[in-house]
*Asks:* 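I have a structure here, written as structure tokens, and I will follow up with some questions on it.
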There are 2 protein chains.
Amino acid sequence: MARPRTHDETLRLRLLDEGGRLLAEQGPAALTVRRLAERAGTSPSAVYSLFGDKWGLVDEMFREGFRRFAERIAALERTGNPAADLNAVGEAFRANARANPHLYDLMFGEPFPEFVPGQETRAVAMGTFGALVEATGRCVDVGLLEGDPLTLATIFFGMVHGLTSLELLGWLPSPEQADAAWRRARLALYEGLRRVSTEV
Amino acid sequence: MARPRTHDETLRLRLLDEGGRLLAEQGPAALTVRRLAERAGTSPSAVYSLFGDKWGLVDEMFREGFRRFAERIAALERTGNPAADLNAVGEAFRANARANPHLYDLMFGEPFPEFVPGQETRAVAMGTFGALVEATGRCVDVGLLEGDPLTLATIFFGMVHGLTSLELLGWLPSPEQADAAWRRARLALYEGLRRVSTEV
DNA sequence: GTGGTTCTATAACGACGTTTCAAATCAATG
DNA sequence: CATTGATTTGAAACGTCGTTATAGAACCAC
């Protein structure tokens with residue numbers, strides 16, 4: 001019937017893999033359609049037949065970032081202590097960011113200002129946030145924290161995201177001090193929220 | 001001796017002004033050398049004779065962002081209460097971000113991944129961070145907080161930056177709830193840090 | 001008016017994302 | 001086995017970007 005297809009699933013995975021490598025090794029500016037195609041031994045057209053456009057490819061890498069994060073979250077066991085569980089979510093967030101810094105940048109930085117995640121992708125991203133809301137919610141349920149779980153989760157996320165950004169930028173001192181700062185920050189915020197009621 | 005100069009200080013200011021307007025109205029992608037020159041009624045060359053290159057212009061807008069922030073910080077009066085002063089710095093940070101969202105994006109987001117601030121500009125930026133370190137330092141001095149002022153400032157900055165990012169992205173609920181979340185987060189972090197010692 | 005000097009706007013360059021389109025390839029058909 | 005037809009691919013072209021080279025415009029001194 002037709003010419004045999006080479007723009008197939010194999011090439012698709014190869015492009016995603018090589019794209020991630022390009023991003024990690026040389027930064028977002030190096031991720032161009034031409035360069036990527038050359039590295040993968042194909043032509044720029046492949047990106048368009050397999051991903052629609054450049055942002056289609058970026059979208060999949062974006063999702064992969066959240067997939068890996070979700071994996072870590074899912075691996076967390078729910079202990080009997082909601083406060084410890086909440087803490088574990090924060091640690092998982094940080095660990096994931098340090099394990100996949102280029103994907104973290106893709107997820108929460110904006111290395112491609114023109115890229116906006118698709119609706120389905122945004123839903124996936126929001127889903128992982130749901131784990132955080134659930135964690136604060138359980139703290140509220142057992143009376144450890146007070147207030148709206150979503151607002152509490154937002155505050156925690158703000159803190160964790162802020163510290164992670166600073167750490168990846170290298171603005172946190174030595175690794176040991178970074179660990180200490182993280183521990184203290186998380187614990188302080190939690191203890192503070194326990195003591196500071198919703199009516200300020 | 002020569003042709004009269006039109007690439008002068010007046011045009012320079014006009015370009016900066018028009019650049020800010022472009023950024024605020026249509027986002028970073030719209031800030032191109034050609035478009036800017038056309039808006040300012042000149043040619044692309046003007047950007048190069050006055051700013052070296054595109055990033056020279058962006059660098060000046062970046063500095064303007066920190067200049068405005070420093071202005072707000074300088075306007076804060078030092079009360080007898082270091083805790084209140086620390087709180088005021090956080091509020092000034094938020095207020096500045098809301099008053100100049102496109103400059104905030106320039107300062108702490110990375111709308112132009114290729115742009116790296118010059119050394120002198122980074123020094124200006126770090127200078128404003130010094131005000132925060134000073135605020136935490138005074139809290140330490142009078143025994144309100146414990147630990148290294150720089151680490152404390154980093155924790156506070158992480159929190160404030162995180163919440164500001166979320167607010168500008170529209171991830172914080174209604175304005176009233178945002179206010180409440182901010183108040184509670186700031187107070188909780190402060191009270192938590194008071195109670196959680198450096199030895200965790 | 002002419003020459004020399006200084007400055008500007010135009011046009012070109014390479015790279016980008018994207019699109020168009022002809023060449024390439026194989027199954028089905030005669 | 002040759003031809004047709006459907007389908008996919010890669011090369012070339014388009015418009016845009018930041019940037020640069022350059023031709024010529026605009027002034028002063030003579």
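Just so we're on the same page: letters track the sequence lines, and every chain starts at 1. Just so you know, these numbers use all the heavy atoms, side chains as well, and skip hydrogens, waters and symmetry mates. Only a predicted model underlies this, so the values are computations on that prediction, with no experimental measurement involved.
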*Asks:* Looking at DNA chain D, which of residues 5-23 of chain A put a heavy atom within less than 4.0 Å of it?
*Replies:*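 Within residues 5-23 of chain A, the residues near DNA chain D are Arg5(A), Thr6(A), His7(A).
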*Asks:* Do Arg3(A) and dT25(C) share a donor-acceptor pair, side chain to base, under 3.5 Å?
*Replies:*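 No such pair is found, so the answer is no.
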*Asks:* Please step through ring-ring contact (aromatic ring centres under 6.0 Å, His included) for the pair Phe62(A) and Phe115(A), ending with a clear verdict.
*Replies:* CA-CA 10 Å; Phe62(A) 185 88; Phe115(A) 163 65; 5.6 Å; yes
*Asks:* Rounded to the nearest angstrom, tell me the gap between atom CG in Asp53(A) and atom C1' in dT20(C).
*Replies:*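 Value for this atom pair: 17 Å.
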*Asks:* Could you tell me whether Arg12(A) and Glu60(A) make a salt bridge, using a distance below 4.0 angstrom between a side-chain N and a carboxylate O?
*Replies:*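 Yes.
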*Asks:* Restricting to side chain to side chain donor-acceptor pair (under 3.5 Å), what partner residues turn up for Tyr48(A), sequence neighbours left out?
*Replies:*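 Checked Tyr48(A) against side chain to side chain donor-acceptor pair (under 3.5 Å); zero matches.
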*Asks:* Which whole-number value in Å describes the distance from Phe51(B) CZ to dT8(C) P?
*Replies:*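 After rounding, the gap between these two atoms is 13 Å.
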*Asks:* Give me the distances for all protein-to-nucleotides 13-17 of chain D N/O pairs that come in under 3.5 Å?
*Replies:*
| from | atom 1 | to | atom 2 | distance (Å) |
| --- | --- | --- | --- | --- |
| dC17(D) | OP1 | Arg35(B) | NH2 | 3.2 |

*Asks:* In whole angstrom, give the distance that lies between atom CG of Leu50(B) and atom P of dT19(D).
*Replies:*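 Answer to the nearest Å: 14 Å.
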*Asks:* Using atom OH of Tyr48(A) as one end and atom P of dC21(C) as the other, report the distance to the nearest whole Å.
*Replies:*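 Going from Tyr48(A) (OH) to dC21(C) (P), I get 17 Å.
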*Asks:* What residues form a side chain to side chain donor-acceptor pair (under 3.5 Å) with Thr6(B), not counting sequence neighbours?
*Replies:*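 By the side chain to side chain donor-acceptor pair (under 3.5 Å) rule, Thr6(B) matches no residue at all.
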*Asks:* Could you give the CG-to-P distance, from Leu57(A) to dG17(C), as a whole number of Å?
*Replies:*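 Distance, rounded to whole Å: 11 Å.
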*Asks:* Tell me the ring pair (Phe, Tyr, Trp, His ring centres under 6.0 Å) pairs involving residues 72-96 of chain A, sequence neighbours left out?
*Replies:*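 Matches after skipping sequence neighbours: Phe69(A)-Phe93(A), Phe93(A)-Tyr104(A), Phe93(A)-Phe108(A), Phe93(A)-Phe157(A).
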*Asks:* Should Arg68(A) and Glu71(A) count as an ion pair when the cut-off is N to O under 4.0 Å?
*Replies:*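 Looking at Glu71(A) together with Arg68(A), the answer is no, because their closest N to O distance does not fall below 4.0 Å.
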*Asks:* Can we say Arg39(A) and Glu18(A) salt-bridge, meaning some charged N sits less than 4.0 Å from an Asp/Glu carboxylate O?
*Replies:*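 Salt bridge present between Arg39(A) and Glu18(A).
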*Asks:* Please report, to 0.1 Å, the donor-acceptor pairs under 3.5 Å made by any side chain of residues 27-37 of chain A, with sequence neighbours excluded.
*Replies:*
| from | atom 1 | to | atom 2 | distance (Å) |
| --- | --- | --- | --- | --- |
| Thr32(A) | OG1 | Arg35(A) | N | 3.1 |
| Arg35(A) | NE | Ala30(A) | O | 2.9 |

*Asks:* Mapping Gly41(B) and Ser45(A) onto DNA chain C by nearest heavy atom, which one lands closer to the 5' end?
*Replies:*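 The residue mapped nearer the 5' terminus is Gly41(B).
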